[in-house]
Chemist: 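This is the structure, below, for whatever I ask next.
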Amino acid sequence: MVISNKISLSDFEQLLFAKEDLSLAEGVENEINNCFYFLQQFAAEKVIYGINTGFGPMAQWRIDDKHLMELQYNIIRSHSTGAGQPLPVLYVRAAMISRLMTFVQAHSGVHIDTVKVLLNFLNNNIYPFIPQHGSVGASGDLVQLSHIALALIGEGEVFYKGKLYNTSQIIKELGITPLQIHLREGLAITNGTAVMTGISLVNIILAKKLLSFATRASVLMNEIASSFDDFMSPILNDMKLHQGQKIIAEELRKIAAGSRRLLKRENELYRKNDTSFFNHKVQPYYSLRCIPQILGPILDEISNAEKVVVNELNSVDDNPVIDPQSNNVYHGGNFHGDYVSFEMDKLKIAVTKLTMLAERQMNYLFHDKINGILPPFVNLGVLGLNYGLQASQFTATSTTAESQTLSNPMYVHSIPNNNDNQDIVSMGTNSALICKHVIENAFQVMAIHMLALVQAVDCLKIQNELSVDTRSLYDDIRKLVPVFVEDTPKYKDIQLIESYLKNIEGFDV
């Protein structure tokens, strides 16, 4: 697959799961070379941060020419200080692609060898060991990116074929020459937003999957309850001037097409009727009726997050920035991750609300006095002797509650550090990691919700009355977990459904 200097989320997803080798688009290598040779000439007899000065608050110290290469190795080794669990390889690959995208902009001044070694690692599925904790999000992801750089120079550890090895062992086996520093490669690799951006892009991909299943589940919920269908009416929803709401309503109508379970209000209530009490709800609960108004803002946020984070992916996000066109080197703060941090805080709030919706719909199914048509906890066995999905609700409720707490913002939790050189930071990687956690929680809750939905369908024996789409969803879940009457452990069933919902081939997330 060919990498150009501007890609979409769809392009990124293809690169992430590529089965064939990645390569540079025509002309990109020349641009990278031109930038490197320009910087090499420009830097002679000039003071340029991170080339012949120290880093951060140490920038006031000039570095002697004989130590310039040593300086670049020192930033890599000294900043490989992460802690905590390793970042899963899917997110490491995403971060590596994101760093590669910075270099193909040809404003980093790196030698082409940097790009070639990075491509070699990606094409051989070699993933540096990156501890999750360490970044304050400015100067970008210094600590986590240092662990990538450490592997590229042949040091540290890498995951290869599911196991952790010393980098030197794997690159020797595969005949890969480690990166040699030429000018400023140490700073260029470590100084940017690639880790938070990579994690965030995976978050957005998974959030889109969640939204799709939440929309399908919501139609199935209303089919189970035999709701009136006007909550998804185009006339009703077009009166609210929000794009997301209109799109969700339209999607609901497509999913519901052909269903024999949804009622027409004009057939049931808009005629002479002397009934004094209606057993069937005239208006369903909000978790069934307000789907466009709840999922619409979530769609809008996912769309906005995609726009912002893809912009970050295609940006020059390091410092200093090298510009042969203007014959200059600019010092600034493009490594600052505020754009990413802000969006991940908003996205995790959106995903938590989606999780809350699934939990409330699930509660409707489990609460026989509310739904009036199902046994408690969609228990198909003997009440009192069997328990159905009663305990599964505990898991869904506690997991939802955790996401609610995690939804507090990270973006505003800046703490000055680095001798106050970094006096206001983004915490963007923390924000992206917390969002990742919230998304994982959402898949767990959604998996339990899917179990509840298909049990309800079997209880009411309405499989043949569902729409084509929701019947397909029912069939997919039932292939994984057959209908059950007797009590059995459900943790493996939940894992199976969660994996189906994520549909991330070849990676654990």
Side-chain angles (χ1 to χ4, degrees), residues 2-9 11-12 15 22-53 55-56 59 62-63 65 68-69 71-72 75 95-119 138-142 145 149 152 179-194 196-198 307-340:
V2 176
I3 300 175
S4 64
N5 57 12
K6 289 290 182 290
I7 64 174
S8 66
L9 182 66
D11 297 329
F12 177 84
L15 296 172
L22 310 184
S23 61
L24 299 180
E26 186 177 355
V28 171
E29 183 171 339
N30 285 338
E31 292 176 5
I32 294 170
N33 282 331
N34 289 340
C35 185
F36 171 78
Y37 292 124
F38 163 76
L39 178 60
Q40 194 175 48
Q41 295 171 5
F42 184 88
E45 299 182 358
K46 295 183 180 69
V47 176
I48 299 177
Y49 171 77
I51 290 180
N52 50 16
T53 75
F55 303 112
R62 177 77 173 257
I63 306 301
D65 287 354
L68 296 186
M69 298 304 102
L71 174 71
Q72 298 299 316
I75 190 173
M96 293 166 76
I97 294 170
S98 180
R99 200 78 211 119
L100 189 61
M101 285 303 301
T102 291
F103 296 150
V104 301
Q105 307 306 318
H107 287 286
S108 296
V110 296
H111 193 276
I112 192 62
D113 286 353
T114 307
V115 175
K116 289 181 176 179
V117 174
L118 191 49
L119 281 170
S139 301
D141 299 310
L142 284 170
L145 283 172
L152 296 182
L179 175 65
Q180 301 296 312
I181 297 298
H182 292 268
L183 188 59
R184 68 173 298 253
E185 284 72 24
L187 179 61
I189 298 169
T190 60
N191 193 204
T193 62
M196 69 177 81
T197 300
K307 176 183 175 183
V308 170
V309 180
V310 169
N311 279 343
E312 187 74 23
L313 174 69
N314 291 315
S315 295
V316 177
D317 66 340
D318 50 3
N319 176 64
V321 169
I322 319 304
D323 188 46
Q325 287 73 35
S326 64
N327 196 40
N328 209 342
V329 172
Y330 297 93
H331 293 68
N334 279 7
F335 51 66
H336 217 280
D338 268 36
Y339 273 104
V340 177

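Both backbone and side-chain heavy atoms feed into the values below; hydrogens, waters and symmetry mates do not.
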Chemist: Considering all heavy atoms of both residues, which atom of L179 and which atom of I189 are nearest to each other, and what is their separation?
Modeler: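 Minimum heavy-atom separation between L179 and I189: CD2-CD1, 3.7 Å.
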
Chemist: Tell me, do I51 and V329 make a side-chain contact under 4.5 Å, heavy atoms counted?
Modeler: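 A side-chain contact is absent here, since even the closest heavy-atom pair is not under 4.5 Å.
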
Chemist: Is the closest side-chain heavy-atom distance between P320 and I48 below 4.5 Å?
Modeler: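 Heavy-atom side-chain distance check passes, below 4.5 Å.
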
Chemist: Could you walk me through whether R62 and V47 pass the side chain to side chain contact (heavy atoms under 4.5 Å, CB included) test, one step at a time?
Modeler: CA-CA 8 Å; R62 177 77 173 257; V47 176; 3.4 Å; yes

Chemist: Taking L183's backbone N and O only, do any of them form a donor-acceptor pair with E185's side chain (distance below 3.5 Å, no angle check)?
Modeler: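 It does hold such a pair.
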
Chemist: Would you check if the side chain of D11 reaches a backbone N or O of S8 as a donor-acceptor pair within less than 3.5 Å?
Modeler: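 Side chain of D11 to backbone of S8, a donor-acceptor pair under 3.5 Å: yes, one is there.
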
Chemist: Apply the side-chain hydrogen bond (donor to acceptor under 3.5 Å, both in side chains) test between R99 and each candidate in T190, T114, D317; give the one that qualifies.
Modeler: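 Single side-chain hydrogen bond (donor to acceptor under 3.5 Å, both in side chains) partner of R99 among T190, T114, D317: D317.
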
Chemist: Which pair of heavy atoms, one from N327 and one from F42, lies closest together, and at what distance?
Modeler: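 Taking every non-hydrogen atom into account, O-CE1, 3.6 Å.
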
Chemist: Can you tell me how far the OG1 atom of T193 sits from the CG atom of L313, to the nearest 0.5 Å?
Modeler: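 Here the interatomic distance stands at 9.0 Å.
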
Chemist: Run the side chain to side chain contact (heavy atoms under 4.5 Å, CB included) check on I112 and L24 step by step: do they pass?
Modeler: CA-CA 11 Å; I112 192 62; L24 299 180; 4.3 Å; yes

Chemist: Got a donor-acceptor contact below 3.5 angstrom from the E31 side chain to the Q105 backbone?
Modeler: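 No, the answer is negative, given that no donor and acceptor are paired below the 3.5 Å cut-off.
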
Chemist: Can you give me the closest heavy-atom contact between I322 and G109, atom names plus distance?
Modeler: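 Looking at all heavy atoms of both residues, the shortest contact is CG1-N, 3.9 Å.
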
Chemist: For the pair L142 and F335, evaluate side chain to side chain contact (heavy atoms under 4.5 Å, CB included) and give the outcome as yes or no after the intermediate values.
Modeler: CA-CA 10 Å; L142 284 170; F335 51 66; over 6 Å; no

Chemist: Not counting sequence neighbours, which residues clear side-chain contact (heavy atoms from CB on, under 4.5 Å) with N314? List them please.
Modeler: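 Residues passing side-chain contact (heavy atoms from CB on, under 4.5 Å) with N314: K6, I7, M101, V310.
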
Chemist: Between the main-chain N or O of L68 and the side-chain N or O of N52, is there a donor-acceptor pair closer than 3.5 Å?
Modeler: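 Checked: no pair found.
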
Chemist: With rounding to the nearest 0.5 Å, note down the distance linking OH in Y330 to CG in D323.
Modeler: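 Separation between the atoms: 5.5 Å.
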
Chemist: Heavy atoms only: give me the nearest A25-V2 pair and the separation to one decimal.
Modeler: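 Between these two residues, the closest heavy atoms are CA-CG1, 3.3 Å.
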
Chemist: Mark yes or no for whether N191, through its side chain, and S139, through its backbone, hold a donor-acceptor pair below 3.5 Å.
Modeler: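 Present.
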
Chemist: Can you tell me how far CG of L152 sits from CD1 of I181, rounded to the nearest 0.5 angstrom?
Modeler: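 If we round to the nearest 0.5 Å, I181:CD1 and L152:CG are 9.5 Å apart.
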
Chemist: Which heavy-atom pair separates S108 from T102 by the least distance, and what is that distance?
Modeler: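 The pair with the smallest heavy-atom distance is OG-CG2, 3.6 Å.
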
Chemist: Who are the ring pair (Phe, Tyr, Trp, His ring centres under 6.0 Å) partners of H111, not counting sequence neighbours?
Modeler: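 Listed in chain order: F36, H182.
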
Chemist: Walk me through it: do I3 and L119 pass the test side chain to side chain contact (heavy atoms under 4.5 Å, CB included)?
Modeler: CA-CA 10 Å; I3 300 175; L119 281 170; 4.2 Å; yes

Chemist: For F38, is the CZ atom crowded, meaning more than 12 foreign heavy atoms sit under 6.0 Å from it?
Modeler: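 Yes - once you tally the heavy atoms of other residues, nucleotides and ligands closer than 6.0 Å, there are more than 12.
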
Chemist: If you define the side chain from C-beta out and look only at heavy atoms, does anything of N334 sit under 4.5 Å from H107?
Modeler: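 Sidechains of H107 and N334: no contact.
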
Chemist: Does atom CD of E26 have more than 12 heavy-atom neighbours, drawn from other residues, nucleotides or ligands, at distances under 6.0 Å?
Modeler: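 Not buried by this count: 12 neighbours or fewer within 6.0 Å.
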
Chemist: How long is the span from the CE atom in M196 to the OH atom in Y339, to the nearest 0.5 Å?
Modeler: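 Reported value, rounded in 0.5 Å steps: 14.0 Å.
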
Chemist: Which value, rounded to the nearest 0.5 Å, describes the distance between H336 atom NE2 and N319 atom CG?
Modeler: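 It comes to 11.5 Å.
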
Chemist: Taking all non-hydrogen atoms of both residues, which atom of L145 and which atom of G192 are closest, and how far apart?
Modeler: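 Here L145 and G192 meet closest at CD1-O, 3.4 Å.
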
